[in-house]
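One structure below.
It should be emphasised that the depicted structure is a prediction, and the values quoted were computed from it without experimental measurement. In what follows, every chain begins at residue 1, and chains take the letters A, B, ... in the order their sequences are listed.
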Amino acid sequence: MTPADLSAAIVRILNGLQALGALGAGQLPADVVIERPKNREHGDWATNTALQLAKNFGTNPRALAELLAAELSQVQGVTKVEIAGPGFLNITLDAAAAGELAKLIVEAGANYGRSSELAGSKINLEFVSANPTGPMHLGGARWAAVGDSLARVLEAQGAAVTREYYFNDHGAQIDRFARSLLARARGLEAPEDGYGGTYIQDIADRVLAGTAQDILALPDHEAQEQFRALGVDLMFGEIRTSLHDFGVDFDVYFHENSLYESGAVQKSIARLSELGHMFEQDGAMWLRTTTFGDDRDRVVLKSDGDYAYIAGDIAYYLDKRERGFDQCIYLLGADHHGYIQRMMALCAAFGDQPGFNLEILIGQMVNLLRDGEPVRMSKRAGTVVTMEDLVDAVGTDAARYALARSSANSQLDIDLEQLSKKTNDNPVFYVQYAQARTRQVANNAASLGVDHSEFLPALLEHPAEGELLAKLSELPRVVAQAAEYREPHRVARYLEEVAGTYHRWYDNCRVTPLSGGSVESVHRTRLWLNDAAGTVLRNGLALLGVSAPERM
RNA sequence: GCCCCUAUAGCUCAGGGGAUAGAGCGCCGCCCUCCGAAGGCGGGCGCGCAGGUUCGAAUCCUGCUAGGGGCACCA
């Protein structure tokens with residue numbers, strides 16, 4: 001008997017009551033929110049559904065609660081239903097009904113927490129997409145952690161997710177990168193509008209070392225072109241390696257330049273012209289995005305004959321749709337929030353539904369601190385705080401966890417010094433330790449002859465076992481909500497709660513007998529619960545891309 | 001000027017209308033004669049301000065204040 005079972009039971013009861021004419025003709029809910037009350041005197045589970053639905057059915061909360069309570073108390077496994085306050089239903093289960101869950105979880109294994117809710121939907125999730133003009137920086141690391149975890153969460157709900165990286169290898173920014181490389185190779189300072197980090201020298205040296213050709217003897221524009229092509233490749237390789245080491249691998253690295261080379265840009269603009277959304281003015285071609293709520297129209301083809309940046313966005317979006325993605329999700333940094341309106345407008349211009357076919361998630365910035373002082377992370381300033389800096393300091397698991405455990409909506413302060421000095425500060429260890437503990441308990445149990453040959457859930461009667469079972473039952477709902485709200489941090493927060501609940505159970509309930517004692521049914525039954533907790537912790541950590549070590 | 005995000009414990013952050021607002025870290029005290037004390041138990045400290053909606057608001061709405069990020073024929 002899980003919260004989901006209770007919810008289903010209540011929906012059934014509501015249906016039955018309405019069919020009998022005991023309720024008015026209101027809309028019936030598809031499910032009912034079942035919560036664990038903070039105060040245990042309020043039972044194992046509680047719901048406020050009578051308070052929320054009474055108005056719909058033309059009755060008052062108290063009366064509806066009484067109808068529901070009478071029926072619900074007849075359900076098998078429910079021992080008591082009480083009405084509290086204005087119409088809360090407080091539900092108490094018998095230990096056996098609650099305890100069944102332990103076995104269900106163990107038997108489901110890696111599938112516990114997964115669902116087919118999003119089966120059939122084909123999602124393109126674009127994230128990171130950092131320009132190949134410098135090493136992967138801390139902000140990119142946040143989106144890597146959040147984006148990959150979101151992909152895992154969506155996949156756990158049955159969606160087919162393609163992780164995609166838009167690789168800006170076209171335009172003025174790349175030209176500045178190439179000029180900077182050339183300048184450094186000649187021993188000159190980087191141009192004023194160029195990149196000045198020490199990595200520029202490094203890449204320039206590698207370009208020179210990597211080719212037999214004497215690039216520096218070429219005319220300027222040819223030399224620059226060589227540095228552009230080779231330098232971008234090197235930078236790209238570095239970024240890709242950093243991400244891989246971070247546990248994030250993209251299915252598609254999409255090159256912006258390919259949109260221009262293939263003619264996709266012209267094609268997509270021609271399509272918008274046919275649809276009547278393009279116009280010419282001041283020698284430039286514009287997309288009338290104001291038709292769809294943008295605050296100004298946007299230049300697509302500049303008067304000098306070059307395409308504006310949005311031209312690539314237009315072609316890229318269309319390309320994604322033509323590749324068969326129902327939903328294109330973009331995870332962008334806060335400095336891109338101004339793009340939302342024009343992106344939504346171009347989506348609508350193609351006849352699509354903004355918010356469904358195109359969804360843009362904005363994540364706020366990460367501030368890196370060292371001893372409480374902000375560390376600048378501007379690539380141009382050359383004081384680059386890279387993903388490697390963070391990983392070197394705290395390790396991949398701690399880095400990914402620290403970046404993924406907070407809402408992307410809030411700015412995040414991470415103090416390198418604090419994390420690197422005392423890694424025990426990081427909650428990831430709390431969770432990993434609990435998981436490792438479940439393994440050690442299982443190992444000890446095995447060596448003492450405690451096995452899975454018996455499961456008598458009624459023996460799971462200690463209050464700490466009730467708490468643990470209740471907490472473990474929440475995983476499916478947590479994952480579903482993380483997917484629905486696109487908020488993978490919910491998984492991390494939940495795991496911290498599971499870990500705490502498990503530790504308390506561990507302190508109260510032994511899986512192995514004391515020395516001299518014999519193995520009893522209760523030990524064998526508790527082993528199931530121990531393993532169920534381990535399963536939940538491992539499944540959750542997997543959703544975050546964090547390892548679940550056997551021992552620490 | 002306009003737009004977006006944020007404001008909750010000493011710190012970093014959860015809390016998407018419900019009952020006494022939570023976690024980790026930090027601080028104080030207690031617990032290893034039995035599954036690793038990287039743990040548990042106890043203690044102290046908090047919803048930026050002012051209105052509104054509601055039976056009920058940290059949560060929704062409005063205004064204000066503060067911090068961050070944006071507002072190109074740049075990418």
Could you give the distance separating U12(B) and G52(B) at their P atoms, to the nearest angstrom?
33 Å

Measure the acute angle between the ring planes of W286(A) and F279(A), then classify it against the limits of 30° and 60° as parallel, tilted or perpendicular.
parallel

Among G67(B), A37(B), C73(B), the one nearest D282(A) by side-chain distance:
C73(B)

Determine whether the aromatic ring centres of residues Y253(A) and Y166(A) are separated by less than 6.0 angstrom.
no

When the distance from CD1 of I314(A) to C1' of C73(B) is rounded to whole Å, what number comes out?
14 Å

Give a yes or no on this: more than 12 heavy atoms of other residues, nucleotides or ligands lie within 6.0 Å of atom CD of E192(A).
no

With a 4.0 Å cut-off on heavy atoms, is S410(A) in touch with a base, just the backbone sugar-phosphate, or nothing at all?
sugar-phosphate

Please state the P separation for the pair G17(B) and U6(B) - nearest whole angstrom.
15 Å

Tell me: CG of L332(A) to C1' of C5(B), nearest whole Å?
14 Å

Just checking A46(A): base, sugar-phosphate only, or nothing, at a heavy-atom cut-off of under 4.0 Å?
base

Short heteroatom pairs, N/O only, protein and nucleotides 15-18 of chain B, under 3.5 Å:
| from | atom 1 | to | atom 2 | distance (Å) |
| --- | --- | --- | --- | --- |
| G15(B) | OP1 | H489(A) | NE2 | 3.2 |
| G16(B) | N7 | R490(A) | NH2 | 2.7 |
| G16(B) | O6 | E487(A) | OE1 | 3.3 |
| G16(B) | O6 | E487(A) | OE2 | 2.6 |
| G18(B) | N7 | N48(A) | ND2 | 2.9 |

Base, sugar-phosphate, or nothing: which does N90(A) touch, judged by heavy atoms less than 4.0 Å apart?
base

Take atom P in A21(B) and the same atom in G26(B), then report the distance between them in whole Å.
25 Å

Go through the structure and list residues passing salt bridge (charged side-chain N to carboxylate O under 4.0 Å, His left out) with R40(A), not counting sequence neighbours.
D44(A), E467(A)

Gap between atoms CZ and C1', on R439(A) and A38(B) respectively (whole Å):
18 Å

Check: protein-nucleotides 70-72 of chain B nitrogen or oxygen pairs below 3.5 Å:
none

Between G10(B) and G46(B) - C1' atom distance, rounded Å:
11 Å

To the nearest angstrom, how far is R437(A) atom CZ from G39(B) atom P?
8 Å

Quick check on E117(A): does its CD atom have over 12 non-hydrogen neighbours (other residues, nucleotides or ligands) under 6.0 Å away?
no

Is there a side-chain polar atom (N or O) of Y430(A) under 4.0 Å from OP1 or OP2 of G40(B)?
yes

Rounded distance (Å) that lies between atom P of A19(B) and atom CD1 of I83(A)
19 Å

Distance, C1' atom - from G18(B) to G44(B), rounded to whole angstrom
28 Å

Could you tell me whether the phosphate oxygens of G36(B), OP1 or OP2, come under 4.0 Å of any side-chain nitrogen or oxygen in R551(A)?
no

Expressed in whole Å, how much space separates the P atoms belonging to U54(B) and C61(B)?
16 Å

Give a yes or no on this: more than 12 heavy atoms of other residues, nucleotides or ligands lie within 6.0 Å of atom CD of E41(A).
no

Pair F254(A) + Y165(A): ring centers closer than 6.0 Å:
no

Does a side-chain N or O of Y506(A) approach OP1 or OP2 of A37(B) to a distance below 4.0 Å, or not?
yes

Under 3.5 Å, N/O pairs linking protein and nucleotides 32-34 of chain B:
| from | atom 1 | to | atom 2 | distance (Å) |
| --- | --- | --- | --- | --- |
| C34(B) | O2' | R510(A) | NH1 | 2.7 |
| C34(B) | O2' | R510(A) | NH2 | 3.0 |
| C34(B) | O2 | S515(A) | N | 3.2 |
| C34(B) | N3 | S515(A) | N | 3.0 |
| C34(B) | N3 | S515(A) | OG | 2.7 |
| C34(B) | N4 | S515(A) | OG | 3.4 |

Which heavy atom of V511(A) sits nearest a heavy atom of A445(A), and at what distance?
CG1-CB, 4.0 Å

Please check if the side chain of D397(A) supplies one atom and the backbone of S547(A) the other of a donor-acceptor pair under 3.5 Å.
yes

Listed by chain and number, what are the side chain to side chain contact (heavy atoms under 4.5 Å, CB included) partners of A63(A), not counting sequence neighbours?
T59(A), N60(A)

Which residues pass the side chain to side chain contact (heavy atoms under 4.5 Å, CB included) test with T291(A), sequence neighbours left out?
R288(A)

Under 4.0 Å: is that the gap between some side-chain N or O of N367(A) and OP1 or OP2 of U12(B)?
no

Side-chain donor-acceptor pair under 3.5 Å between Y316(A) and E164(A), yes or no?
yes

Over how many whole Å does the gap from Q432(A) atom CD to G36(B) atom P extend?
18 Å

So that I know where these two stand, are W143(A) and F127(A) an aromatic pair - ring centroids less than 6.0 Å apart?
no

Among the nucleotides U20(B), A14(B), A19(B), which one has an atom lying closest to any side-chain atom of A84(A)?
A19(B)

Which whole number of Å gives the distance between the C1' atom of C71(B) and that of A57(B)?
34 Å

What class does the angle between the rings of Y260(A) and H170(A) fall in, given that below 30° is parallel, 30 to 60° is tilted and above 60° is perpendicular?
parallel

Syn or anti for C30(B), please, going by whether the chi angle lies within 90° of 0.
anti

Taking donor-acceptor contacts at under 3.5 Å, does the side chain of D507(A) reach the base of A37(B)?
no

Rounded to the Å, how far apart are E497(A) CD and A14(B) P?
13 Å

Could you tell me how far G39(B) sits from C25(B) if I compare only their C1' atoms? Round to whole Å.
15 Å

Give the rounded distance in Å between these two atoms: OH of Y401(A) and P of U12(B).
18 Å

Please classify the nucleic acid contact of H42(A) as base, sugar-phosphate, or nothing, using heavy-atom distances under 4.0 Å.
base

Identify whether any heavy atom of A172(A) sits under 4.0 Å from a base atom; if not, whether one sits that close to sugar-phosphate; answer base, sugar-phosphate or nothing.
sugar-phosphate

